[in-house]
Amino acid sequence: MTLCMIGNSHLAAPKLAWEAFAQETGAAEPDFYGSARDTMLATTVENGRLVALSDTVARNFMASAGRDSIALEEYEGFIVISSTLGLRSLVAILHQHARSGEARETRFVASDAAISAAFDDMVFQSAGGHVARLLRRATDKPVWLVDRPQPGVGILTAKTAMADAFATLNTSESRSALDGLLQRQRDKVEAEGIATLRQPADTLQDGWLTLERFSQDARKLHGAAAYDAEDHFHMNATYGAALLRAIWPTVTGAQVAVATAS
């Protein structure tokens, strides 16, 4: 079974974990097409191929997969790993904007309708949502959209604006609201015929943030450089292996023998 994995910087974790995972399982290697941040918004489908609309994406695809476009007929399924489904954007909106009647000094006031529209819009205006939708409309092969990993627990003690946002919203009430919003986004994706794959539960602490050992020494997309210690948002090859173990039976339609995560 030939699979295609497409993603932004979050593709690095499973890509760097692949060799060890393949040795454990004998799984057939997918092709990995990566382009960082939201650059893949500059893609479209033409003549049965996902093609780049910018030199940046073309170069990044060539660097990661050896080809600058993706021939859809060559694959039996597509796994999109990006920033679409995750807490970071939801937290940013809730931290910066209050609904009418609950305003606080440092927050902007917005209507429920405006906040709801923002949550809905960001799904397919993100690179991952954009690519998944293009694929879904162009092929009858399965398309999966994988959760963005939740930040590492170290973010709660970091000294950044996003760290403040996560710390402020680290209450049972806020976490329940965020879980509901994330599920709403998954429902929106699945309504278009795109399946969603969640972050492995055993990589989370208390179901909320990612255990620190999965975010330490995370590497950038082509593996050469590490993120700095204050990143907290990107995961390492240990996380990539855990993700592959969790999703592989679903995306291949068969169980594979995998070693227990250490």
Between [X] and [Y], is there shared hydrophobic-cluster membership here, with clusters defined by ILVMFWY side-chain heavy atoms closer than 4.5 Å?
X    : Y    : answer
W248 : L11  : yes
L72  : V143 : yes
L204 : L169 : no
I81  : L41  : no
M122 : L134 : yes

Going from [atom1] on [X] to [atom2] on [Y], what distance comes out if it is rounded to the nearest 0.5 angstrom?
X    : Y    : atom1 : atom2 : answer
E173 : R175 : CD    : CZ    : 13.0 Å
L135 : R137 : CG    : CZ    : 11.5 Å
F166 : L156 : CZ    : CG    : 8.5 Å
Q183 : L178 : CD    : CG    : 13.5 Å
R133 : Q125 : CZ    : CD    : 9.5 Å
L53  : T39  : CG    : OG1   : 11.5 Å

Using a 6.0 Å cut-off, check whether atom [atom1] of [X] has over 12 heavy atoms from anything other than its own residue.
X   : atom1 : value
D55 : CG    : no
E74 : CD    : yes
N47 : CG    : no

- Message: Does the Lys NZ or Arg CZ of R67 fall within the cation-pi geometry relative to Y33 - under 6.0 Å from the ring centre and within 45° of the axis?
- Response: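 No, a cation-pi geometry is absent between R67 and Y33.
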- Message: Using salt bridge (Lys or Arg N to Asp or Glu O under 4.0 Å), reason through R59 and D68 one step at a time and then give a plain yes or no.
- Response: CA-CA 7 Å; R59 285 195 305 269; D68 62 5; over 6 Å; no
- Message: Between the side chains of R184 and D179, is the shortest nitrogen-to-carboxylate-oxygen separation below 4.0 Å, so that they form an ion pair?
- Response: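 Salt bridge between D179 and R184, a charged N being under 4.0 Å from a carboxylate O: no.
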- Short N-O contact, R245 and E24, less than 4.0 angstrom: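 Salt bridge present between R245 and E24.
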Does the side chain of [Y] come within less than 4.5 Å of [X]'s, by heavy atoms?
X    : Y    : value
R219 : H234 : no
I247 : L243 : yes
M40  : I6   : yes
M162 : F233 : yes
Q199 : R148 : no
L197 : V251 : yes
L182 : Q150 : yes
D31  : M5   : no

Side chain [X], main chain [Y], donor-acceptor under 3.5 Å:
X    : Y    : result
S64  : N60  : yes
S176 : S172 : no
S174 : T171 : no
E190 : A195 : no

Give me the atom names and distance for the closest heavy-atom approach of [X] to [Y].
X    : Y    : value
Y75  : K141 : O-NZ, 2.9 Å
P14  : L244 : O-CD1, 3.7 Å
K220 : A12  : O-CB, 3.7 Å
A163 : A158 : CB-O, 3.4 Å
F124 : E192 : CE1-OE2, 3.6 Å
A52  : T43  : CA-CG2, 4.4 Å

- Task: Determine, stepwise, if the pair T196 / Q185 fulfils side chain to side chain donor-acceptor pair (under 3.5 Å).
- Result: CA-CA 10 Å; T196 61; Q185 290 189 328; over 6 Å; no
- So Y239 and F214, would you call those rings parallel, tilted or perpendicular, with 30° and 60° as cut-offs?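 Plane angle over 60°, so perpendicular.
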- Cut-off 3.5 Å, side chains only: do T56 and S54 have a donor facing an acceptor?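 No pair is found: no donor N or O on one side chain lies under 3.5 Å from an acceptor on the other.
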- Indicate whether any N or O donor in one side chain lies under 3.5 Å from an N or O acceptor in the other, for N8 and S35.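 No donor-acceptor contact under 3.5 Å links the two side chains.
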- Message: Under the salt bridge (Lys or Arg N to Asp or Glu O under 4.0 Å) test against D147, which residue among R198, R88, R186 passes?
- Response: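 Exactly one option meets the salt bridge (Lys or Arg N to Asp or Glu O under 4.0 Å) with D147, and it is R186.
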